[in-house]
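Predicted model, so just to flag it, every value in this text is computed and none were measured. Basis for what follows: all heavy atoms, side chains included, without hydrogens, waters or symmetry-related copies.
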Amino acid sequence: MRRTALLAAAAALAVTGVVAPATDAAAKPPPGSESAVRSLADDPAQRAAAAADQAVASGLDDLRVSPGETYRRTAVTPAAGMYYVTYERAYKGLPIVGGDAVVVTDTGGRVRDTEAASGALPLGVPTQPAVTAEAATSTATTVLSRVDDSAAPRLVVLAWGGRPRLAWEAVVSGIADGRPSIQHVFVDATTGEIADSYDQVKAGTGNGYYYGTITINTSGSGTSYSMTDSTRSGLRCGGQNGSAYTGSDDSWGTGSGTSLETACVDALYSVQREWDMLHDWLGRNGINGSGGGFPARVGLNDVNAYWNGSYTNFGHSQDNARQATPIDVVAHEFGHAVFQTTPGGAGSGNENGGLNEATGDIFGSLTEAYADNPNDPPDYQVGEEVNLVGDGPIRYMYNPSLAGDPNCYSSSIPRTEVHSAAGPLNHWFYLLAEGSSPGGGKPNSPICSGGPSSVTGVGIQKAGKIYLGALQRKTSTWKYVNVRTASLAAAVELYGASSAECAATKAAWNAVGVPAQSGEASCSSSGNDFSLSLSPTASTVTPGQSATATVATSTTSGSAQTVSLSASGLPSGASASFSPSSVSSGGSSTLTVSTSASTPSGTYTVTVTGSGSSGSHTASYTLTVSGTSGGRTFTNGTNYTINDLTTITSPITSTATGTAASPVQLSITISHTCAEDLRIRLKGPNGTWYTIKSSAGSSCTSFGTRSFSVPVTQTAAGTWTLEIRDQYTYDTGYLDAWSITL
């Protein structure tokens, strides 16, 4: 090969008198000088860079370029006695994605190797787009199921694949396949098709002490990774120097309680769950409310953990066997960050400090409930997993007195140590979320003197929304009475003055002894009422199978009443039954949904209705019937000729009922000698286009019969259209037939 000969000829290339520029490396180096000679002689990194610059300027081996292309040096990295000099490439001023290169030199300035991501571009690559930046961004967003943000695209030459092309590189972020995603999407600037894409998000695997093998979001690629979350700004974890831990692969931790990297696995997992809880349950954007977060450090030489206004820091248990990084502790410390970044800041004084500490406990319990990890079930205890000083939990939210903290508010709270002063607010939150006698294995919670006889909880998510709504009203001088009025105002804002949620908020404050305040919301709910909930709220079955769910009721005000249960919205061939068919509010029933072999595939919303003397309440149950049944597969066997640079369409009219089962299944038979020439798309009845296959590749293969799975959100009935475009010349063929299973 020519490469070997050129490298042999270049082996003696050693630069002693020139310093190459750090901009366009293809430019002729300036003449040397006496000082430059001394500098090169003294600095092997400069010798390496100069030799590499001369190599790219001469087009050595893999570094050959076509007219209009230039290199720019970006870094010189030493390792094991060698230097690795990296370059970016441009074509007529446009960045070449896939045009990067590396020149390897030794300490003497001799070139040892060259690597380039792609060869010289062919002549005639266009530089003027036919597709607008706006259209490219719109196309790019189709790779996500939920789009949260997008940046203005940049025009590049995409050198990946066999045919370099002009493309828009758009960066879009959101959710793909149920996970956070930051996608770099390359849209062909001539045809408008998606030419390529990659996900910036790297979901690393961690082996945590508390949570075992878990998935955490990290960053990096190849052999360089970091415990830095690329999807949640500001989140990273490392040691006491503040730098994130790094590694050569995306696998972290050993599972040992003394391993600090393992502690970071648990810490990142925990704060990522808190971030998601804030977003999914409470509607908050990041830890700080504006899309940002803060770093975590582990290895603190103390039996403690803290938030210092800029980052969280985690120590170890008293016996030094475990790090203080279970969910409730991590989320507690980041809960202080939530407190600080809501109005009023961190405040001062023991009472305010107690509210701050309780806020940490509240966000710890919320995150623990949201994560619902079987290794650490939700329990409203604080620090039970780390067993910090060998005495079990450090606080009990449902009964603070178990740890020696006050259950009830009193005039001594302003003089009480802040962690103890958290007691009444922790107690209030538990009563609001779960009630005084929640059942289901959850502990009962005492009521302070002068309080109501009982409190009925509204659920932890609603309690969290109410408390965050209160925090948004916080001032720097916040005290317990202010939290009471603020939370009542939030309950009215969220659920209405006559709601059970408002009444429960007030009852919980009365139950912990915080006195009523002038001008607070009155919560005018009266009479008997009940609530209705389902667990689980969704299931997937194949035709002929059954699914079950528990229908739970609760008396939210007044006395218990008889609740009759019914269901509607069932698909064809399905039935629902309840055992029992009616309950006294506070009781539960088992819902069984049975499908038949003829039940069509699709996703259905089943409405469960509870009817009582005070009125009716409903809850939704999502039933997905997967697999196929009769009448769900449709075929078009008409032959369509596929000529060069032309587009053909083939329609199918579906009479299937309900929602199309996603992903729909396609079988396509095409007689064509170059499948790589073909771009294939599917249009659903509502007009949405889905890219099935892009055109790409430097060689040709026959198409034959191929199957595709296409995620869709569509009704099944209507016209589905297959579009095939031959993007290049020399090969023609025809569409034999295609079918779609809905």
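- Closest heavy-atom contact between E384 and D328: OE1-OD2, 3.0 Å.
- Separating the CD atom in Q381 from the CG atom in D361 is a distance of 12.0 Å, to the nearest 0.5 Å.
- When each of T325, N373, T215, N217 is tested with Y269 by the rule side chain to side chain donor-acceptor pair (under 3.5 Å), just one qualifies, namely N373.
- There is no side-chain donor-acceptor pair under 3.5 Å between Y604 and T624.
- In this view, T312 and A296, W307, F314, E333, F334 satisfy the side-chain contact (heavy atoms from CB on, under 4.5 Å) rule, not counting sequence neighbours.
- The line from OG of S611 to CG of L532 is 9.5 Å long, rounded to the nearest 0.5 Å.
- Partners of Y210 by ring-ring contact (aromatic ring centres under 6.0 Å, His included), not counting sequence neighbours: none found.
- For T713, there are no side-chain contact (heavy atoms from CB on, under 4.5 Å) partners at least two apart in sequence or on another chain.
- Atom-to-atom distance recorded for I327:CD1 and D266:CG is 8.5 Å, nearest 0.5 angstrom.
- We find that R473 and E493 are joined by a salt bridge, their nearest charged nitrogen and carboxylate oxygen being less than 4.0 Å apart.
- N288 and T341 share no side-chain donor-acceptor pair at under 3.5 Å.
- Using modelled atom types, no side-chain atom of S420 and backbone atom of T416 make a donor-acceptor pair closer than 3.5 Å.
- Taking all atoms of both residues into account, the shortest heavy-atom contact from L488 to C502 is CD2-O, 3.9 Å.
- Not one N or O on the side chain of S401 forms a donor-acceptor pair closer than 3.5 Å with the backbone of G404.
- Side-chain atoms of H617 come within 3.5 Å of backbone N or O of F530 as a donor-acceptor pair.
- Distance check: I466 CD1 to L471 CG gives 12.5 Å after rounding to the nearest 0.5 Å.
- Considering every non-hydrogen atom in both C237 and V298, the closest pair reads SG-CG1, 4.0 Å.
- Using modelled atom types, one finds no donor on one side chain facing an acceptor on the other under 3.5 Å when comparing N308 with N313.
- Checking Y370 against D276 by side-chain atom types alone, no donor-acceptor pair falls below 3.5 Å.
- Ring geometry, Y311 versus Y306: the interplanar angle falls from 30° to 60°, so the pair is classed tilted.
- Among all heavy-atom pairs drawn from C448 and G513, the shortest one is CB-N, 4.4 Å.
- When all heavy atoms are compared, the tightest approach of T592 to S546 is CG2-CB, 4.3 Å.
- Counted by atom type alone, N356 and H336 present one or more donor-acceptor pairs between their side chains at under 3.5 Å.
- Residues N407 and H427 have side chains that never bring a donor and an acceptor to within less than 3.5 angstrom of each other.
- A donor-acceptor pair under 3.5 Å is absent between the side-chain atoms of T367 and the main chain of G364, judged by distance alone.
- Remark: side-chain polar atoms of S581 are not paired, donor with acceptor, to backbone N or O of F578 under 3.5 angstrom.
- Sorted by first and then second residue, the pairs that involve residues 502-512 and meet side chain to side chain donor-acceptor pair (under 3.5 Å), not counting sequence neighbours, are R484-N510, S487-W509, K506-E520.
- When atom types are taken as modelled, the side chain of S365 and the backbone of I362 share a donor-acceptor pair closer than 3.5 angstrom.
- Panel note: side chain E368, backbone D379; a donor-acceptor pair is recorded below 3.5 Å.
- Relative ring orientation between Y380 and Y430 is described as perpendicular, the plane-to-plane angle rising above 60° on a 0-90° scale split at 30° and 60°.
- Every pair tested for side chain to side chain donor-acceptor pair (under 3.5 Å) that includes a residue from residues 562-571 fails, sequence neighbours excluded, so the list is empty.
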Ignoring hydrogens and angles, write down the donor-acceptor pairs under 3.5 Å from the side chains of residues 450-465, residues two or more places apart or on other chains.
from: T456; atom 1: OG1; to: T555; atom 2: O; distance (Å): 3.2
from: Q461; atom 1: NE2; to: W281; atom 2: O; distance (Å): 3.4
from: K462; atom 1: NZ; to: E501; atom 2: OE2; distance (Å): 2.6

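- A distance-only check finds a donor-acceptor pair linking the side chain of S317 to the backbone of R322 [under 3.5 Å].
- Of the possible polar contacts, one joining the T553 side chain to the G587 backbone as a donor-acceptor pair under 3.5 Å is found.
- Between the side chain of R284 and the main chain of H279, no donor-acceptor pair closer than 3.5 Å is present.
- For D229 and Q272, the side-chain atoms include at least one donor-acceptor pair closer than 3.5 Å.
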